[in-house]
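Single-structure report; data block below.
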Protein chains: 2
Amino acid sequence: MISHPERNQIQLEGVLHALSDPVRLRIALELAEAGGERRCGSFECAVTKSTMTHHFKVLREAGVIRQRQEATLRLTSLRRDDLDARFPGLLDRILQAAEEEAVVGA
Amino acid sequence: MISHPERNQIQLEGVLHALSDPVRLRIALELAEAGGERRCGSFECAVTKSTMTHHFKVLREAGVIRQRQEATLRLTSLRRDDLDARFPGLLDRILQAAEEEAVVGA
DNA sequence: CTCGTAGTTCGAAGTTCGTCAAACATCGTA
DNA sequence: TACGATGTTTGACGAACTTCGAACTACGAG
């Protein structure tokens, strides 16, 4: 059963914690680039499948991503609308910061 | 010995992790309201002094706060200039989100 | 010098986190 | 029906985290 928090149940601390992990931040970045849905296995992360499942769960329960099942595929997308409504501008700034950090290579 | 990371050594993940704790987010909020420096003991947090010391250390090593010693007082302030230079707008959005969340009471 | 204030350091205890391997569930296809 | 692909669940493990109390350091005031 895939459960998502309601928009107004999304907690700032949960979002910050979810995005404070390198693997999960990377997932969010790739989702933002993609703009839409992506398969679980389509992310470039150096961890096993079960670890990915764990990270998706953290992101989902924090309200950062949305997931839906389609046959054997689990499609993942950013909850950009809900996040923008709840915490205006926050997601964009975090993603922008992540990109700049990646570019600078620090 | 109080050690601070250089501006360009501040890591996004570290900042997000530092602010994902309720006590530390509260500290950052109170510092933003104060605008300047504050004594360690002047924060309204329901934890002991040694726990506060720990949280200050996490914030300091993440680059969120600056601390300096003055006699027996340790004065703490936000590293707003460095954070804004490194991750433009990020701190403001997080603090704004924290305030809104507090107001709504969710 | 002694006392109180401000804050740190040092374990200890318990919790949460990130990771993996093994086994499992589900669907489409040969 | 059997197989391969996709992804989850469970259980384990060490590492990191949060918290506390007790002992400690450093300073100013009386």
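We use all heavy atoms of the structure for the numbers below, so side chains are in, but hydrogens, waters and symmetry mates are not.
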Spacing between Glu37(A) atom CD and dG7(D) atom C1', to the nearest angstrom: 16 Å
- prompt: Starting at the 5' end of DNA chain C and moving along, which residue's nearest nucleotide shows up first, Val58(A) or Gln69(B)?
  reply: Gln69(B)
- line: Considering only heavy side-chain atoms of Asp21(B), the closest of dT18(D), dA21(C), dT8(D) is dT18(D)
- prompt: Any idea which of dC20(D), dG7(D), dT19(C) is nearest the Cys40(A) side chain?
  reply: dG7(D)
message: Could you check whether Glu37(A) pairs with Arg68(A) (Lys NZ or Arg NE/NH1/NH2 to Asp/Glu carboxylate O, under 4.0 Å)?
response: yes
- prompt: What's the verdict on side chain to side chain donor-acceptor pair (under 3.5 Å) for Thr53(B) and Ser50(B), showing C-alpha distance, side-chain angles and the deciding distance?
  reply: CA-CA 5 Å; Thr53(B) 297; Ser50(B) 55; over 6 Å; no
query: Distance check: side-chain N/O of Thr51(A) vs OP1/OP2 of dC20(C), anything under 4.0 Å?
result: yes
message: On the nucleotide dC20(C), are OP1 or OP2 found under 4.0 Å from the side-chain N or O atoms that Thr48(A) carries?
response: yes
Any Arg74(B) side-chain N or O less than 4.0 Å from OP1/OP2 of dA26(D): no
query: So what does His55(A) touch, heavy atoms closer than 4.0 Å: a base, only the sugar-phosphate, or nothing?
result: sugar-phosphate
- request: Examine Arg74(B) relative to Phe56(B) and say whether NZ or CZ is less than 6.0 Å from the centre of the six-membered ring and inside a 45° cone about the ring axis.
  value: no
message: Tell me whether Asp82(A) is salt-bridged to Arg66(A), with the criterion being a basic N under 4.0 Å from an acidic carboxylate O.
response: yes
message: Taking 4.0 Å as the cut-off, does a side-chain nitrogen or oxygen of Thr72(A) come that near to OP1 or OP2 on dT26(C)?
response: no
- prompt: Can you tell me how far C1' of dG7(C) sits from CD of Gln67(B), to the nearest Å?
  reply: 10 Å
query: Is Arg80(B) salt-bridged to Asp92(B), cutoff N-O under 4.0 Å?
result: yes
Interatomic distance where CD belongs to Glu70(B) and P belongs to dT5(C) [whole Å]: 20 Å
- prompt: So, is Arg39(A) near the phosphate of dA5(D), with a side-chain N or O under 4.0 Å from OP1 or OP2?
  reply: no
Value in whole Å for how far the P atom of dA6(C) lies from CG of Leu75(B): 13 Å
message: I want to verify a distance call: between dT19(C), dA6(C), dC17(D), whose nearest atom is closest to the Leu73(B) side chain?
response: dA6(C)
- prompt: Over how many whole Å does the gap from Lys49(A) atom NZ to dG7(D) atom P extend?
  reply: 8 Å
- prompt: In whole angstrom, what separates His54(A)'s NE2 from dT19(C)'s C1'?
  reply: 8 Å
field: Rounded distance in Å - CG (Leu59(B)) to P (dC17(D))
entry: 13 Å
task: Please state how far atom NE2 in His17(A) lies from atom C1' in dT16(C), giving the value in whole angstrom units.
output: 8 Å
field: Among dT18(D), dT19(D), dT19(C), the nucleotide that comes nearest once only the side chain of Arg24(B) is considered
entry: dT18(D)
